[in-house]
Amino acid sequence: LNAQIKMEAHASATYLAMASWCEQNGFFTSAKFFFKQSEEERGHMMKIFKFLVDTGGSPISPEITNINHDYASIVDVFENTLEHEVTVTKSIHNIVKKTRDLGDITAERFLDWFVMEQVEEENTIRDILDMIAVTGTEGVGQQMIDNQVANWIK
Ligand code: FEO
């Protein structure tokens, strides 16, 4: 769970870097989306942190390094996001398997929320990538991406 705390913190910092990239490249609504995602990831980190506090564990405040700020395009940003979320999903599933091996029912039940949250997060990013594939990223397409991303923020 401490490794997962670190992963969620890394996601939070990565989405903040993506918000910065979006701001600098004219994708202002996408920037808002990533600011919000960044906050959500910190929320995920804190959920696990507090769970460890409540169950007598030893949560560790993570050190975060290697945050990429360099992206080739808005497609690259969202593709990286999906890749990141798929990695997080696998990690959560591995922890659930571990709780089953250990017979730790409390931790298994706690992780249910994360399993379903990952379904929602992956789905959101896939929807955005599907939409970008339709609109393209040139001219009006660029503006349409930002307009559509506004729907996901709601
Ligand atoms: Fe908390 Fe998007 O993984």
Side-chain angles (χ1 to χ4, degrees), residues 1-25 27-55 57-102 104-133 145-154:
L1 286 172
N2 267 315
Q4 193 61 38
I5 284 173
K6 193 177 174 98
M7 197 175 251
E8 302 290 346
H10 192 274
S12 177
T14 296
Y15 292 160
L16 201 56
M18 286 174 172
S20 171
W21 186 95
C22 289
E23 278 284 339
Q24 290 171 65
N25 288 278
F27 293 96
F28 301 114
T29 312
S30 297
K32 279 192 194 127
F33 174 81
F34 282 109
F35 278 125
K36 184 168 170 281
Q37 288 303 111
S38 177
E39 273 179 36
E40 278 189 17
E41 297 301 351
R42 181 173 164 79
H44 299 171
M45 178 193 89
M46 290 309 298
K47 227 182 226 294
I48 304 170
F49 204 96
K50 284 179 181 151
F51 175 76
L52 283 178
V53 169
D54 291 346
T55 54
S58 305
I60 295 166
S61 183
E63 222 170 279
I64 304 303
T65 53
N66 291 327
I67 302 302
N68 182 29
H69 284 77
D70 192 19
Y71 296 96
S73 64
I74 191 70
V75 177
D76 191 29
V77 169
F78 281 108
E79 280 178 346
N80 267 277
T81 304
L82 182 58
E83 204 176 300
H84 208 86
E85 291 301 334
V86 168
T87 306
V88 169
T89 301
K90 282 183 188 156
S91 176
I92 297 280
H93 289 185
N94 283 334
I95 303 170
V96 171
K97 285 177 198 161
K98 184 82 180 171
T99 64
R100 287 180 181 168
D101 288 346
L102 295 171
D104 189 339
I105 295 165
T106 308
E108 186 182 347
R109 289 289 297 274
F110 166 72
L111 288 163
D112 278 351
W113 183 89
F114 284 87
V115 171
M116 297 320 294
E117 175 71 6
Q118 284 311 116
V119 172
E120 191 188 308
E121 293 210 336
E122 281 191 29
N123 187 39
T124 299
I125 304 302
R126 284 202 179 91
D127 280 352
I128 292 173
L129 280 166
D130 286 348
M131 183 264 301
I132 293 174
I145 292 168
D146 242 21
N147 292 343
Q148 287 296 319
V149 168
N151 295 332
W152 276 280
I153 295 176
K154 285 176 203 152

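All heavy atoms count here, side chains included; hydrogens, waters and symmetry mates do not. In listed order, ligands and their atoms are each counted from 1. Everything numeric here is computed off the predicted structure, so don't read it as measured data.
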Atom 1 (Fe) of ligand 1 to nearest N/O/S of Glu117 below 2.8 Å: no
May I ask you to check whether Glu8 brings an N, O or S atom to under 2.8 Å from atom 1 (Fe) of ligand 1?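 Yes, within the cut-off.
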Report yes if the side chains of [X] and [Y] come closer than 4.5 Å at any heavy-atom pair, otherwise no.
X      : Y      : result
Tyr15  : Phe33  : no
Glu121 : Glu40  : yes
Ile60  : Lys6   : no
Lys98  : Asp104 : no

What orientation do Phe78 and Phe34 show, parallel under 30°, tilted 30 to 60°, or perpendicular over 60°?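 Tilted, since the angle between the ring planes falls between 30° and 60°.
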Glu40 near atom 2 (Fe) of ligand 1: N/O/S under 2.8 Å: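 Checking Glu40: none of its N, O or S atoms is under 2.8 Å.
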Check all N, O or S atoms of Glu121 and name the one closest to atom 2 (Fe) of ligand 1.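 Of all N, O or S atoms belonging to Glu121, OE1 is the one nearest atom 2 (Fe) of ligand 1.
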So which of the N, O or S atoms of Glu41 lies nearest atom 1 (Fe) of ligand 1?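 Per the distance ranking, Glu41 contributes OE1 as its closest N/O/S atom to atom 1 (Fe) of ligand 1.
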Please name the atom of His44, limited to N, O or S, that comes nearest to atom 1 (Fe) of ligand 1.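 For His44, the N, O or S atom at the smallest distance from atom 1 (Fe) of ligand 1 is ND1.
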